[in-house]
Visitor: 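Have a look at this one before I ask anything.
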Amino acid sequence: MAALGGDGLRLLSVSRPERQPESAALGGPGPGLCCWVSVFSCLSLACSYVGSLYVWKSELPRDHPAVIKRRFTSVLVVSSLSPLCVLLWRELTGIQPGTSLLTLMGFRLEGIFPAALLPLLLTMILFLGPLMQLSMDCPCDLADGLKVVLAPRSWARCLMDMRWLRNQVIAPLTEELVFRACMLPMLAPCTGLGPAVFTCPLFFGVAHFHHIFEQLRFRQSSVGSIFLSAAFQFSYTAVFGAYTAFLFIRTGHLIGPVLCHSFCNYMGFPAVCAALEHPQRRPLLAGYALGVGLFLLLLQPLTDPKLYGSLPLCALLEQAGDSEAPLCS
């Protein structure tokens with residue numbers, strides 16, 4: 001691995017296990033150019049995803065069903081074509097992962113059941129406090145709540161609700177596909193897995209800045225409040241993006257990040273201020289602390305790569321001679 005000048009990026013040669021000059025190993029452009037191709041490809045994907053939301057001219061707000069339906073169409077088209085960007089990147093850089101594109105992007109059967117269940121369980125543990133808060137504030141008891149959740153009519157109503165479909169299905173699926181499954185395989189050979197976990201979410205966080213224009217357009221708040229809200233949203237979407245990137249690398253599956261994304265969209269940002277003023281503040285705050293503590297304790301065991309079989313991104317780096325990548329063990 002060779003350091004690249006001032007930007008600190010490094011390119012891992014992946015054509016053979018033996019270490020050799022990167023440009024010779026890749027049989028193509030030099031290492032600096034390859035890293036720029038990776039970054040430009042990720043930037044193009046992010047711009048294409050956000051741009052697809054605005055190909056339809058409308059005076060209606062973003063939550064209007066007609067606007068949501070149109071955006072479904074454009075974002076699904078862009079997301080479906082996004083693997084082509086990875087194929088183009090592979091041709092331009094000469095990097096040969098040694099596995100199929102779908103496997104590299106987390107579409108595989110090996111270890112799929114633990115990959116679907118354990119990351120979601122881990123995320124629910126983190127949200128133990130908010131889940132307790134939700135149950136305390138719910139007017140119905142647990143049995144009635146389960147009946148509502150499992151009732152076919154409830155699911156039918158959800159599937160007819162455009163906002164629910166956007167927040168729980170389309171957004172998690174397409175965003176994880178574009179910003180994790182497509183971007184991480186392109187960034188990892190350039191930066192390594194650790195830096196990729198923190199670099200990839202930057203594209204994800206910046207992609208949410210487009211909400212500023214809609215809020216300014218419809219005068220939904222003061223200008224200061226809008227920009228403050230955007231900065232806050234960038235921060236927590238970047239942190240969340242790092243978490244799902246970590247899950248994608250450690251499990252080698254896309255399904256876990258998608259389910260966790262859908263769950264977090266449903267829960268929203270934890271209402272800590274409301275918890276501080278809640279009538280049952282002490283047990284609720286204890287639930288918040290317990291959830292965070294258990295999450296940190298179980299983060300490594302529940303994402304142990306041994307539970308999920310061979311990991312495509314780790315195999316990619318092993319071909320480059322980086323067999324001691326911390327996230328792979």
Visitor: Could you check Met183 against Thr199 for side-chain contact (heavy atoms from CB on, under 4.5 Å), going step by step and ending with a plain yes or no?
Guide: CA-CA 10 Å; Met183 289 190 183; Thr199 304; over 6 Å; no
Visitor: Any idea which heavy atoms bring Ser329 and Pro305 closest together, and the distance?
Guide: N-CG, 4.1 Å
Visitor: Is it true that His253 and Phe107 have ring centroids separated by less than 6.0 Å?
Guide: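 Aromatic pair excluded; centres sit 6.0 Å or further apart.
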Visitor: Might you point out which heavy atoms bring Ala196 and Leu184 nearest each other, and give the distance in Å?
Guide: O-CD2, 3.8 Å
Visitor: Carefully, step by step, assess Asp161 and Arg166 under the rule salt bridge (charged side-chain N to carboxylate O under 4.0 Å, His left out).
Guide: CA-CA 9 Å; Asp161 185 345; Arg166 178 191 64 192; over 6 Å; no
Visitor: How many angstroms lie between CG in Leu118 and CG in Leu298, if you round to the nearest 0.5 Å?
Guide: 10.5 Å
Visitor: Please test Cys260 against Leu247 for side-chain contact (heavy atoms from CB on, under 4.5 Å), starting from the C-alpha separation and ending with a verdict.
Guide: CA-CA 10 Å; Cys260 293; Leu247 292 178; 3.9 Å; yes
Visitor: What residue among Tyr49, Phe248, Phe203 forms ring pair (Phe, Tyr, Trp, His ring centres under 6.0 Å) with Phe179?
Guide: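 Testing Phe179 for a ring pair (Phe, Tyr, Trp, His ring centres under 6.0 Å) against Tyr49, Phe248, Phe203 leaves exactly one candidate, Tyr49.
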Visitor: Are the side chain of Thr174 and the backbone of Ile170 linked by a donor-acceptor contact shorter than 3.5 Å?
Guide: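 The answer is yes, because a donor-acceptor pair under 3.5 Å joins these two groups.
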Visitor: Between Met105 and Leu254, is a side-chain contact (heavy atoms from CB on, under 4.5 Å) present by the stated rule, with each step listed?
Guide: CA-CA 7 Å; Met105 293 172 58; Leu254 181 62; over 6 Å; no
Visitor: May I ask you to establish whether Arg108 and Tyr308 are in a cation-pi arrangement, using a distance under 6.0 Å from NZ or CZ to the six-membered ring centre and at most 45° from the ring axis?
Guide: no
Visitor: Please determine whether the number of non-hydrogen atoms from other residues, nucleotides or ligands lying under 6.0 Å from atom CZ of Phe113 exceeds 12.
Guide: no
Visitor: Atom CG of residue position Leu109 - does it have more than 12 heavy atoms of other residues, nucleotides or ligands inside 6.0 Å?
Guide: no
Visitor: Taking the side chain as every heavy atom from C-beta outward, state whether Met267 and Cys264 have any pair of such atoms under 4.5 Å apart.
Guide: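 No; the side chains remain at least 4.5 Å from each other.
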Visitor: How many angstroms lie between OG1 in Thr123 and CG in Leu128, if you round to the nearest 0.5 Å?
Guide: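 It is 13.0 Å, given to the nearest 0.5 Å.
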Visitor: Are any of the side-chain heavy atoms of Thr303 and Pro119 separated by less than 4.5 Å?
Guide: no
Visitor: What pair of heavy atoms forms the shortest contact from Pro326 to Arg250, and how long is it?
Guide: O-NH1, 4.1 Å
Visitor: A side-chain contact here means heavy atoms from C-beta on lying under 4.5 Å apart; do Arg157 and Arg153 qualify?
Guide: yes
Visitor: Check whether any side-chain heavy atom of Val67 lies under 4.5 Å from a side-chain heavy atom of Trp56, and answer yes or no.
Guide: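 Side chain of Val67 against side chain of Trp56, heavy atoms only: no contact under 4.5 Å found.
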Visitor: Out of curiosity, Phe72 CZ to Ile68 CD1, how far, rounded to the nearest 0.5 Å?
Guide: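 It is 6.0 Å, given to the nearest 0.5 Å.
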Visitor: Please test Phe263 against Gln168 for side-chain contact (heavy atoms from CB on, under 4.5 Å), starting from the C-alpha separation and ending with a verdict.
Guide: CA-CA 7 Å; Phe263 173 77; Gln168 313 308 138; over 6 Å; no
Visitor: Roughly how far, to the nearest 0.5 Å, is the CG atom of Leu311 from the CD1 atom of Ile249?
Guide: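 Ile249 atom CD1 to Leu311 atom CG measures 9.5 Å (nearest 0.5 Å).
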Visitor: Hydrophobic cluster membership, with links at side-chain heavy-atom distances under 4.5 Å among I/L/V/M/F/W/Y: are Leu43 and Val50 in one?
Guide: yes
Visitor: Without swapping roles, check the side chain of Asn265 against the backbone of Asn167 for a donor-acceptor pair under 3.5 Å.
Guide: yes
Visitor: Answer yes or no: is there a donor N or O on one side and an acceptor on the other, between the side chain of Arg90 and the main chain of Ile95, under 3.5 Å?
Guide: no
Visitor: Linking I/L/V/M/F/W/Y whenever their side-chain heavy atoms sit closer than 4.5 Å, directly or via other members, would Leu102 and Leu81 fall into one cluster?
Guide: yes
Visitor: Evaluate Cys314 against Cys328 for disulfide bond (SG atoms under 2.5 Å apart), listing each step before the verdict.
Guide: CA-CA 6 Å; Cys314 293; Cys328 295; 2.1 Å; yes
Visitor: With a sphere of 6.0 Å drawn around CH2 of Trp155, does it hold more than 12 non-hydrogen atoms of other residues, nucleotides or ligands?
Guide: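 It does not: Trp155 CH2 has 12 such atoms or fewer within range.
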Visitor: Quick check: closest heavy atoms across Leu120 and Ala116, and the distance to 0.1 Å?
Guide: CB-O, 3.7 Å
Visitor: In Å and rounded to the nearest 0.5 Å, what is the SG to CE distance from Cys42 to Met186?
Guide: 4.0 Å
Visitor: Tell me which pairs pass ring pair (Phe, Tyr, Trp, His ring centres under 6.0 Å) where either residue lies in residues 284-305, with sequence neighbours left out.
Guide: Tyr243-Phe295
Visitor: Between Phe232 and Tyr236, is the gap from one ring center to the other below 6.0 Å?
Guide: yes
Visitor: Between Pro201 and Gly241, which heavy-atom pair has the shortest distance, and what is it?
Guide: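 What the structure gives for the nearest pair is CG-C, 3.4 Å.
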Visitor: Between the side chains of Arg180 and Thr244, is a donor N or O closer than 3.5 angstrom to an acceptor N or O?
Guide: yes
Visitor: Using a distance-only test with no angle check, is there a side-chain donor-acceptor pair under 3.5 angstrom linking Gln133 and His278?
Guide: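 Result is no, nothing qualifies.
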Visitor: Looking only at side-chain N and O atoms, does Ser41 offer a donor or acceptor that is under 3.5 Å from a partner on Ser44?
Guide: no
Visitor: How many angstroms lie between atom OG of Ser262 and atom CD of Glu176, to the nearest 0.5 angstrom?
Guide: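 Here the rounded value is 10.5 Å.
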Visitor: At their closest point, which heavy atom of His261 faces which heavy atom of Ala171, and how far apart are they?
Guide: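 Heavy-atom minimum between the residues: CE1-O, 4.4 Å.
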Visitor: According to a 4.5 Å side-chain heavy-atom criterion applied to Ile, Leu, Val, Met, Phe, Trp and Tyr, with indirect links allowed, do Val239 and Phe234 form part of one hydrophobic cluster?
Guide: no
